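Right, one structure below, let's go through it.
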Amino acid sequence: MVRLGVNVDHVATVREARKGIEPDPIGAAVLVELAGADGIVCHLREDRRHIKDRDLSLLRQIVRTHLNLKMAATDEMIKKAINVLPDMVTLVPERRQEITTEGGLDITTNYDYLEEVTSSLRANNIVVSFFIDPDIYQIKAAAKLGADYVELHTGSYANADDLNQVMDELERIKSMAAAAAKMGLGVSAGHGLNYQNVVDVAKIKQIEELNIGHSIISKAVLVGMDRAVREMIDLMKR
Ligand code: PXP
């Protein structure tokens with residue numbers, strides 16, 4: 001069965017709206033694991049807009065399943081990863097102005113540096129994944145430089161707005177997942193997956209893991225609302 005990695009960044013995004021202490025992504029990670037998820041994902045961004053260094057080091061201590069650190073391939077982040085030792089590092093492109101990770105990493109333009117990064121992470125027993133568009137040239141480059149996994153960017157599929165485009169994007173993900181697996185790469189996928197569009201992607205047999213954040217955190221806010229309001233009303237009655 002396909003594994004689920006839950007991205008807890010947006011719990012920290014809500015905390016940072018007040019620059020306070022709640023909600024804490026660490027508490028969220030414990031609940032995510034208790035609910036049966038297979039892993040916790042977090043993105044330590046250069047600008048620390050949501051997940052902070054404190055969060056990453058506490059997550060490393062409490063995560064019992066599998067900790068997947070998403071990060072940019074920079075010297076600062078490589079040092080951080082080797083210090084914290086997550087189970088997996090997913091290398092993503094990062095632009096300061098973007099709201100979320102907008103496209104896959106272009107491995108071909110920075111090949112030599114990424115090859116070096118991959119070998120130093122792997123030398124520290126960290127599984128290395130590349131977040132890439134479902135594109136054969138990127139997959140070939142990932143295989144050549146010794147990646148363990150590729151995470152196929154599902155954003156174009158998730159954002160497609162007519163049925164033909166949805167089917168085309170799904171076919172692209174299917175064929176690229178098959179191509180990557182054939183080259184010996186592990187395959188995961190993520191970005192923009194939600195309760196409406198996940199089923200067809202979860203059926204793709206080469207995909208071992210899906211990483212989902214925004215839709216799960218959004219759902220949690222709504223399904224938890226009834227209880228949160230009732231608890232406040234009960235307190236006010238005392
Ligand atoms: N995988 C990667 C590499 C990502 O950058 C993101 C977005 O932070 C996700 C998965 C999860 O995307 P979403 O929050 O849209 O589910």
Side-chain angles (χ1 to χ4, degrees), residues 2-14 16 25 28-29 32 37-52 55-56 59 66-74 77 81 86-107 114 117 121 126-135 138-139 142 147-160 169 173 176-177 180 185-202 204 207-222:
V2 65
R3 300 189 297 270
L4 171 65
V6 177
N7 182 322
V8 295
D9 293 353
H10 294 313
V11 177
T13 303
V14 177
E16 294 310 308
V32 164
D38 304 284
I40 302 294
V41 186
C42 70
H43 185 175
L44 187 68
R45 294 186 78 104
E46 195 192 3
D47 62 10
R48 309 295 199 268
R49 68 171 74 152
H50 38 51
I51 294 292
K52 311 276 185 218
D55 301 327
L56 176 61
L59 285 172
H66 181 264
L67 180 62
N68 179 355
L69 169 63
K70 291 193 303 165
M71 59 179 221
T74 63
M77 286 299 160
D87 301 291
M88 175 186 261
V89 158
T90 301
L91 295 164
V92 299
E94 201 173 292
R95 277 183 293 275
R96 272 190 177 241
Q97 272 72 37
E98 68 191 356
I99 292 174
T100 181
T101 313
E102 279 164 3
L105 189 69
D106 182 2
I107 303 179
L114 292 174
V117 165
L121 292 171
I126 299 170
V127 175
V128 181
S129 179
F130 283 86
F131 184 50
I132 55 170
D133 290 328
D135 172 286
Q138 298 298 339
I139 292 168
D148 298 294
Y149 272 77
V150 285
E151 178 173 342
L152 301 178
H153 194 312
T154 49
S156 301
Y157 161 74
N159 294 329
E169 291 297 340
I173 295 167
M176 290 303 112
L185 291 159
V187 187
S188 60
H191 203 94
L193 296 177
N194 60 31
Y195 296 82
Q196 284 74 43
N197 64 21
V198 74
V199 172
D200 287 331
V201 179
I204 300 173
I207 295 184
E208 297 168 35
E209 184 172 280
L210 297 179
N211 293 316
I212 307 181
H214 190 261
S215 65
I216 292 179
I217 305 304
S218 305
K219 179 82 144 192
V221 170
L222 293 190

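For the numbers below, each heavy atom of this structure counts, side chains included, while hydrogens, waters and symmetry mates do not. Both ligands and their constituent atoms are indexed starting at 1 by order of listing. All values reported here derive from a predicted model rather than from experimental measurement.
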Notebook entry, point to check: Under 3.5 Å between some N or O of ligand 1 and some N or O of Gly190?
Noted result: no

Checklist line | Under 3.5 Å: N/O of Gly192 near N/O of ligand 1 | finding: yes

Check: Should one rank Glu151, Arg45, His191 by closest heavy-atom distance to atom 1 (N) of ligand 1, which comes out on top?
Finding: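 When every heavy atom of Glu151, Arg45, His191 is considered, Glu151 comes closest to atom 1 (N) of ligand 1.
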
Item checked: Selection from Lys70, Met71, His153 by shortest heavy-atom distance to atom 8 (O) of ligand 1 -> Lys70

Check: Any side-chain donor-acceptor pair under 3.5 Å between His66 and Glu209?
Finding: no

Okay, side chain of [X], backbone of [Y]: is any donor-acceptor separation there less than 3.5 Å?
X	Y	value
Gln138	Ile107	yes
Tyr157	Asn197	yes
Thr154	His191	yes

Would you mind running through ligand 1 and noting each atom that sits below 4.0 Å from a heavy atom of [X]?
X	value
Asn211	10 (C), 11 (C)
Asn7	8 (O)
His214	13 (P), 14 (O), 16 (O)

Check: Under a 4.0 Å heavy-atom limit, does His43 contact ligand 1 with its side chain, its backbone, both, or neither?
Finding: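 It is neither; nothing of His43 touches ligand 1.
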
Checklist line | Whether over 12 other heavy atoms sit under 6.0 Å from His214 NE2 | finding: no

Check: CG/Asn7 to OG/Ser215 distance, rounded to the nearest 0.5 angstrom?
Finding: 10.5 Å

